[in-house]
Amino acid sequence: MHKPLFVTGVGTDIGKTLVSAILVEKLKCDYWKPVQSGDLDNSDTMKVQKLVTNTQTVFHSEAYRLTQPYSPHKSAALDGIEINEQTIIAPKTYNQLLIEGAGGLMVPLNDHFLVIDLIKQLDAEVILVSQNYLGSINHTLLSIEALKSRSITIKGIIFNGDENTSTEDYIINYTDVKHLGRVPILPVIDKKTITDAGEYISL
Ligand SMILES: Nc1ncnc2c1ncn2[C@@H]1O[C@H](COP(=O)(O)OP(=O)(O)OP(=O)(O)O)[C@@H](O)[C@H]1O
Ligand SMILES: C[C@H](N)[C@H](N)CCCCCC(=O)O
Ligand SMILES: [Mg+2]
């Protein structure tokens, strides 16, 4: 049985949900967003569900649905609760499971447990979503350093958005992490463009 795939990013708003939709359609795997903070009427799960065509994918319910769009530890406090990491248990499925994180790796779920700790707890392999912008080399190398320091397997990195070969080459050569592909800016995001975008990723 495959280990779960955990899609994380060098930060929030980097394209994890978009890349997750492409991967879910390409792999016909299940999707799970354990912690959703804010946007409950347009959640990541709902976004992916709207973009996926295959009938095999099961969309599992979040462990935590928080009303405010902040760091999960803060959103939970605003909702009068505290996230208990013991309750975040991977859903049972015979299919491959793709898990989308919240924000980047060092995002707090409570006062002692971060997204990166959840990856370890779920024994998942990481697909890191990066983007090419001034400062992204630092953010990407820091993310990879954090994963390696916790002996978390990195399946590879997907660059999202405009190409920057010098940035991508430096990151791949310095870290030896596998380049899984690059998703260009999609002028239109719908079922067809998400299905077609599968060709940009090789894994
Ligand atoms: N390659 C792309 N082409 C066009 N739009 C994109 C692309 N990647 C991301 N976007 C857009 O950028 C925004 C942020 O992307 P996305 O929601 O996937 O980020 P995220 O990392 O999942 O954020 P969060 O941390 O909130 O989960 C969305 O509106 C998304 O449609
Ligand atoms: C609310 C947003 N859409 C994400 N789901 C959560 C981002 C948390 C970022 C925390 C931080 O790194 O400062
Ligand atoms: Mg998302």
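As the structure lists them, so they are numbered: ligands from 1, and atoms in each ligand from 1. What you see is a predicted model, and the numbers here were worked out from it, not measured in a lab.
- Across the listed options N160, D44, I22, V7, N160 owns the non-hydrogen atom lying nearest to atom 9 (C) of ligand 1.
- Across all their heavy atoms, L40 and M46 have their closest contact at O-SD, 3.6 Å.
- Backbone and side-chain nitrogen or oxygen atoms of G15 are examined, and one is located within less than 3.5 angstrom of a nitrogen or oxygen of ligand 1.
- Considering backbone and side-chain atoms alike, G161 places every N or O at 3.5 Å or more from each N or O of ligand 1.
- Between the side chains of T193 and D196, no donor-acceptor pair is found at a separation under 3.5 Å.
- By the 3.5 Å distance cut-off applied to N or O atoms, G11 is not counted among the residues near ligand 1.
- Residue contacts with ligand 1 for V129 are absent, since no atom lies close enough (heavy atoms, distance under 4.0 Å).
- Put simply, I119 and L142 are part of two different groups of oily side chains (I, L, V, M, F, W, Y) that touch within less than 4.5 Å, one to the next.
- Looking only at N/O/S atoms, E100 comes nearest to the Mg ion (ligand 3) through OE2.
- Residue contacts to the Mg ion (ligand 3): T12 brings no N, O or S atom closer than 2.8 Å.
- Shortest contact from atom 30 (C) of ligand 1 to any protein heavy atom: I189 CD1, 4.6 Å.
- Closest heavy-atom approach to atom 20 (P) of ligand 1 within the set Q36, K16, R182: this belongs to K16.
- Ligand 1 has no nitrogen or oxygen under 3.5 angstrom from a nitrogen or oxygen of G101.
- Heavy atoms of S20 stay at 4.0 angstrom or farther from ligand 1.
- For ligand 2, the atoms lying closer than 4.0 Å to a non-hydrogen atom of P69 are 1 (C).
- The protein atom (non-hydrogen) at minimum distance from atom 10 (C) of ligand 2 is S71 CB, 3.8 Å.
- Salt bridge status for K47 with D44: present, with a side-chain N to carboxylate O gap under 4.0 Å.
- For D44, the N/O/S atom at the shortest distance from the Mg ion (ligand 3) is named OD2.
- The option with the heavy atom closest to atom 26 (O) of ligand 1, from among D162, L18, T12, T8, is T12.
- At least one heavy atom of G103 lies less than 4.0 angstrom from ligand 1.
- Considering only heavy atoms from C-beta on, I137 stays 4.5 Å or farther from Y174 through its side chain.
- Looking at A102 next to ligand 1, no N or O pair under 3.5 Å apart turns up.
- Per-residue contacts place S37 under 4.0 angstrom from the following atoms of ligand 2 (heavy atoms of the residue considered): 1 (C), 5 (N), 6 (C).
- The shell of residues lying under 4.0 angstrom from ligand 2, judged by heavy atoms, excludes G104.
- Not a single heavy atom of Q131 sits closer than 4.0 Å to an atom of ligand 1.
- Between K47 and ligand 1, no pair of N/O atoms sits closer than 3.5 Å.
- The presence of a protein heavy atom under 4.0 Å from atom 12 (O) of ligand 1 is ruled out.
- Note that atom 12 (O) of ligand 2 has protein non-hydrogen atoms nearby, at separations under 4.0 angstrom.
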